[in-house]
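This report concerns only the one structure given below.
If you're wondering where the values come from, they're calculated on a predicted model, not measured in any experiment. No hydrogens, no waters, no symmetry mates; every other heavy atom, side chains included, goes into these values.
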Amino acid sequence: MTDVEARLRELVIETPSWGYGDSGTRFGTFPQPGRPRDVFERIDDAAEVQRLTGTAGAVALHFPWDEVDDYGALREHIEARGLKVGAVNPNLFQEHDYKLGSVTHPDARVREKAVAHLVECLGIAADLGSTAQSLWLADGTNYPGQDDLRARRARLHESLSQVYAQLPDDQELLVEYKLFEPAFYATDLADWGSALLTCQKLGDRARVLIDLGHHAQGVNIEQIVALLDAEGRLGGFHFNNRKYADDDLIVGSVNPFELFLIFFELGDQMPRLTIDQAHNVEAKVEAMVLSVMNLQEAYAKAQLVDRAALAAAQAEGDVLRGHELLLDPYKTDVRPQCAAMRESLGAAADPIAEVRAYTERIVAERGTTVSVAGGWGR
């Protein structure tokens, strides 16, 4: 076994339960044949991705989309399929009360409701054996003068401080940011700086989560990775890809070099790696398998960088030599090592060749007629 294969065996990628359900755009939701009808079938789909790839052994959950009466039974179902629960994701964006914000809302009643849901999710995470709550806020304003920006910031910190005070010792709070959408004038957590400042106010177990689709065009995401890692505040990723805005495309499909550079900057550090994608036109499970494979390959290539030679070239000011020391591993075909790693774990050498048989089976079992219910993931 090569050193790259050995390191690949340690890779753990969380797939999202909501990535297996119906999704779409703001214009409509697009049902697919064979879509999972409940959280248990979403877990079954995640288990198939793990079976085929070998490194997708955790599943991130979303509440109330994944709400059940018996979380003990849900945990048993997850563990029986060889998975563990990744991050728990609360929902503070779909209810009518949250039209003007959740934890930043000018109405104290709405803020209290939002805090109560976040605290509830801490308990759900504990029941399921999760060690993280992953928080994305849709909070923001659409017009100048709509609300006081400083007051919203103060409400944000006050609300999250209440949640952080009840954070169990074995859990961390991951704070995500997004440049815009659904708010288009001012988003309350718009960038890594505002998220980092919030985490610093909350405490050591609050860390920043990076979503690859949540930045302005041309932003150097790998530099953000390096800065947050240097500050000890890099909590993890929501991996996807985009061309323009938050497109939620298959990770590595548009800018694979960026993905490679992110793993290079991570080095031996391995924060929480979660896929967050909306597969609107592509088959759900197959798209998730391809995403995991792209992550495996980017990670493997990053392990091939000769860091000692790179440091020497940088010290000597040899610009092109330093660049070439990254290009060479990026251009290396690591698919054989990835296939060998998967086989060593009892997974599939060629997952794509096998996944369609599963798709055909679930379509036959679950049916081809589906109804749109509630929202994404449901």
Side-chain angles (χ1 to χ4, degrees), residues 16-18 21-29 39 60-67 87-125 132-167 173-191 194-195 198-199 201-202 206 208-209 211 213-214 238 245-246 248 276 278 372-378:
S17 66
W18 60 93
D22 288 333
S23 59
T25 70
R26 61 193 178 99
F27 299 104
T29 301
V39 62
L61 299 179
H62 204 295
F63 296 94
W65 291 347
D66 292 324
E67 187 176 51
V88 164
N89 295 256
N91 185 317
L92 294 178
F93 51 87
Q94 280 196 311
E95 294 193 29
H96 180 76
D97 275 347
Y98 299 142
K99 182 174 70 172
L100 300 180
S102 60
V103 294
T104 66
H105 199 287
D107 188 335
R109 179 193 63 81
V110 176
R111 297 197 302 274
E112 291 168 3
K113 175 180 176 177
V115 168
H117 176 57
L118 294 175
V119 172
E120 176 191 25
C121 285
L122 296 180
I124 293 173
Q133 179 164 167
S134 181
L135 176 62
W136 172 68
L137 295 176
D139 293 31
T141 58
N142 282 313
Y143 293 94
Q146 177 181 328
D147 201 355
D148 185 305
L149 299 181
R150 292 176 179 82
R152 292 182 71 87
R153 186 76 178 168
R155 296 176 206 138
L156 169 72
H157 291 157
E158 179 186 8
S159 297
L160 294 188
S161 293
Q162 296 175 43
V163 178
Y164 189 84
Q166 299 184 61
L167 190 69
L173 179 64
L174 305 179
V175 179
E176 191 174 353
Y177 58 91
K178 188 175 186 179
L179 179 64
F180 72 97
E181 193 187 41
F184 290 99
Y185 173 66
T187 304
D188 289 303
L189 284 170
D191 51 37
S194 59
T198 296
C199 290
K201 282 183 174 290
L202 293 175
V208 180
L209 185 142
D211 186 304
H214 287 189
H238 273 182
D246 188 20
D248 270 351
D276 180 15
V372 181
W376 291 14
R378 303 199 81 171

S134 vs V88, side-chain contact (heavy atoms from CB on, under 4.5 Å): CA-CA, chis, key distance, verdict: CA-CA 6 Å; S134 181; V88 164; over 6 Å; no
Check whether any side-chain heavy atom of [X] lies under 4.5 Å from a side-chain heavy atom of [Y], and answer yes or no.
X    : Y    : result
D188 : L137 : no
Q146 : L100 : yes
Q94  : P64  : no
L179 : D191 : no
Q133 : P90  : yes

Verdict with supporting geometry, V115 and V119, side-chain contact (heavy atoms from CB on, under 4.5 Å): CA-CA 6 Å; V115 168; V119 172; 4.2 Å; yes
Side-chain donor or acceptor of S159 paired with backbone N/O of V103 under 3.5 Å: yes
Side-chain (N142) to main-chain (F184) donor-acceptor, under 3.5 angstrom: yes
Looking only at non-hydrogen atoms, find the nearest pair between [X] and [Y] and report the distance.
X    : Y    : answer
R153 : S194 : NH2-O, 2.9 Å
R111 : T104 : CD-C, 4.3 Å
A186 : A183 : O-CB, 3.9 Å
P144 : Y185 : CG-CE1, 3.5 Å
R152 : P106 : NH1-CD, 4.4 Å
D246 : H214 : OD2-NE2, 3.3 Å

Residue among D148, D147, D139, D107 satisfying salt bridge (charged side-chain N to carboxylate O under 4.0 Å, His left out) with R155: D147
With D276 via side chain to side chain contact (heavy atoms under 4.5 Å, CB included) - residues at least two apart: W18, D211, H238, N240
Candidate pair D66 and N89, rule side-chain contact (heavy atoms from CB on, under 4.5 Å), full reasoning: CA-CA 10 Å; D66 292 324; N89 295 256; over 6 Å; no
When rounded to the nearest 0.5 angstrom, what is the spacing between [atom1] in [X] and [atom2] in [Y]?
X    : Y    : atom1 : atom2 : answer
W65  : N91  : CH2   : CG    : 6.0 Å
E176 : L189 : CD    : CG    : 9.5 Å
D97  : H105 : CG    : NE2   : 7.0 Å
T187 : E181 : OG1   : CD    : 9.5 Å
S102 : L118 : OG    : CG    : 7.5 Å

NZ or CZ of K113 within 45° of Y98 ring axis and under 6.0 Å: yes
Steps toward side-chain contact (heavy atoms from CB on, under 4.5 Å) verdict (L135, V163): CA-CA 11 Å; L135 176 62; V163 178; over 6 Å; no
